[in-house]
Number of protein chains: 2
Amino acid sequence: MNIGDVAAKSGVPSKTIRYYEDIGLVKPARSANGYRAFRDSDVHKLTFLGRARALGFSIEDCRALLGLYEDESRASAEVKAIAQHQIEQIDRKIADLRRMRDTLAELVSRCAGDDRPDCPILESLGPGGKV
Amino acid sequence: MNIGDVAAKSGVPSKTIRYYEDIGLVKPARSANGYRAFRDSDVHKLTFLGRARALGFSIEDCRALLGLYEDESRASAEVKAIAQHQIEQIDRKIADLRRMRDTLAELVSRCAGDDRPDCPILESLGPGGKV
DNA sequence: ATGGGGGTTCCAGTCGGTGGAAGGTCAAGG
DNA sequence: CCTTGACCTTCCACCGACTGGAACCCCCAT
């Protein structure tokens, strides 16, 4: 299988697949003409990677998960720990974003939004403010 | 004022201040010895930038906001529009993260997390899965 | 004069790709 | 047999927004 087919099947762009090879996540064989020759197992790995990335796992987490995925004698506890850690990271990001959002929403609600220059948003960002 | 004092007063690291000069957000004068010479207005700008960045505004948004901040004849509507757009971006990010979080939480809840190898998390990421 | 704590420039690296140039390969159609 | 066009290859540069570090300069106190 050539890279284009794999990209179509796995949903991971060709460019990204080459990048994943660069960083050692997949190791496709090579045909005589120099083309990468993918097996079904590579497609499975790439599908796996695409989904893991969509869940926000870092590349290094993906590398670890892929190792566990391939390891028939893994302990599910290891996988669960990584996933739980990822949930914590996401929760932290959400909390940060929510704080930003609330602050912004409050500022926006106090801004007239007309053609006059006075603006609580800019005032809060400036030296007197306390955002 | 030297860069270190400004960093302390504005809360923006020296390195970042130099970077902001590089990309044209601040334009400090220079002393005879080649050191950057900041005025109070530069400190105000950098404080402004620090706060705007903390609210998640992109550098380009910051540039626009800084322009409006400096423009006495601005219309608050312009500022409000940028802030509202930013809120929308944040909302979209939160929604994405929440989807990830929910999916992960569901997978984690179904994973035994013991020393056995069977793991719904890995199964969902693999070729049979449907994350 | 020496030491330490500023400052300066410039280059490289972060993360996870993405875009594009220059060139090789292959199957189909004229 | 040749050309066209779609694929593939490598390599290098760029995105955002910094951050780390090397190598060097400057100024003040001891």
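Letters A, B, ... mirror the listed sequences (proteins, then strands); counts begin at 1. This is a predicted model, so every value here is computed, not measured.
With sequence neighbours left out, A/Tyr69 forms a ring pair (Phe, Tyr, Trp, His ring centres under 6.0 Å) with A/Phe48. A/Ser73 is linked by a side chain to side chain donor-acceptor pair (under 3.5 Å) to A/Asp71, counting only residues two or more places apart in sequence or in another chain.
Annotation: the span from A/Leu125 atom CG to B/Arg53 atom CZ amounts to 12.5 Å, rounded to 0.5 Å. Between A/Ile82 atom CD1 and B/Leu104 atom CG the span is 11.5 Å, to the nearest 0.5 Å. Atom-to-atom distance recorded for A/Asp40:CG and A/Lys9:NZ is 6.0 Å, nearest 0.5 angstrom. Taking CD1 from A/Ile94 and CD1 from B/Ile90, the interatomic distance works out to 13.0 Å, rounded to the nearest 0.5 Å. Annotation: the span from B/His44 atom NE2 to B/Glu70 atom CD amounts to 11.0 Å, rounded to 0.5 Å. Distance check, rounded to the nearest 0.5 Å: CZ of A/Arg74 to CG of B/Leu122 gives 5.0 Å.
Rounding to whole angstrom units, CG of residue B/Leu25 and C1' of D/dG16 are separated by 13 Å. When the P atom of D/dT19 is taken as reference, atom CD1 of B/Ile59 falls 11 Å away, rounded to whole Å. Rounded to whole Å, atom P of D/dC18 lies 7 Å from atom CD1 of B/Ile23. Residue A/Met1 contributes atom CE, which lies 16 Å from atom C1' of D/dC7 at whole-angstrom precision.
When heavy atoms are screened at a 4.0 angstrom cut-off, B/Ser14 is found touching no nucleic acid atom at all.
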5' to 3', nucleotides 10-15 of chain D under a 4.0 Å protein heavy-atom cut-off (B base, S sugar-phosphate only, - none) gives BB----
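Ion pair B/Arg99/B/Asp102 not flagged as a salt bridge, since none of the NZ, NE, NH1 or NH2 atoms sits closer than 4.0 Å to an Asp/Glu carboxylate oxygen. Using a 4.0 Å cut-off between charged nitrogen and carboxylate oxygen, A/Glu21 and A/Arg18 do not count as a salt-bridge pair.
Ranked by how close their nearest DNA chain D nucleotide is to the 5' end, A/Asp5 and B/Glu60 are led by A/Asp5. Of the two residues near DNA chain D, B/Phe57 and B/Tyr35, the one whose nearest nucleotide lies more 5' is B/Phe57. Remark on DNA chain C: of its neighbouring residues A/Ala32 and A/Tyr19, the 5'-side contact belongs to A/Tyr19, judged by nearest-heavy-atom nucleotide.
With hydrogens and angles ignored, the 3.5 Å screen pairs no side-chain donor or acceptor of B/Gln84 with any backbone N or O of A/Val108.
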Between A/Arg36 and A/Arg30, does a side-chain contact (heavy atoms from CB on, under 4.5 Å) hold up when you go through it step by step? CA-CA 5 Å; A/Arg36 286 168 185 81; A/Arg30 294 288 176 145; 3.3 Å; yes
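Contacts of residues 88-99 of chain B with DNA chain C (heavy atom under 4.0 Å): none.
Not one side-chain nitrogen or oxygen of B/Arg53 sits closer than 4.0 Å to the OP1 or OP2 atom of D/dG16. At D/dC27, one or more side-chain N or O atoms of B/Asn33 fall inside 4.0 Å of OP1 or OP2 (strictly under the cut-off).
Nucleotides of DNA chain C that come within less than 4.0 Å of any heavy atom of chain B span, from the 5' end to the 3' end, C/dG6 to C/dC10.
B/Tyr35 and B/Leu46 sit in two unconnected hydrophobic clusters of ILVMFWY residues. Membership requires side-chain heavy atoms under 4.5 Å apart, directly or through other members.
With contacts defined as side-chain heavy-atom distances shorter than 4.5 Å, the pair A/Lys45/A/Leu25 does not qualify.
Each end of the helix from C/dA1-D/dT30 to C/dG30-D/dC1 gets its own rotation axis from five pairs of C1' atoms, and the angle between them is 40° to the nearest 10 degrees.
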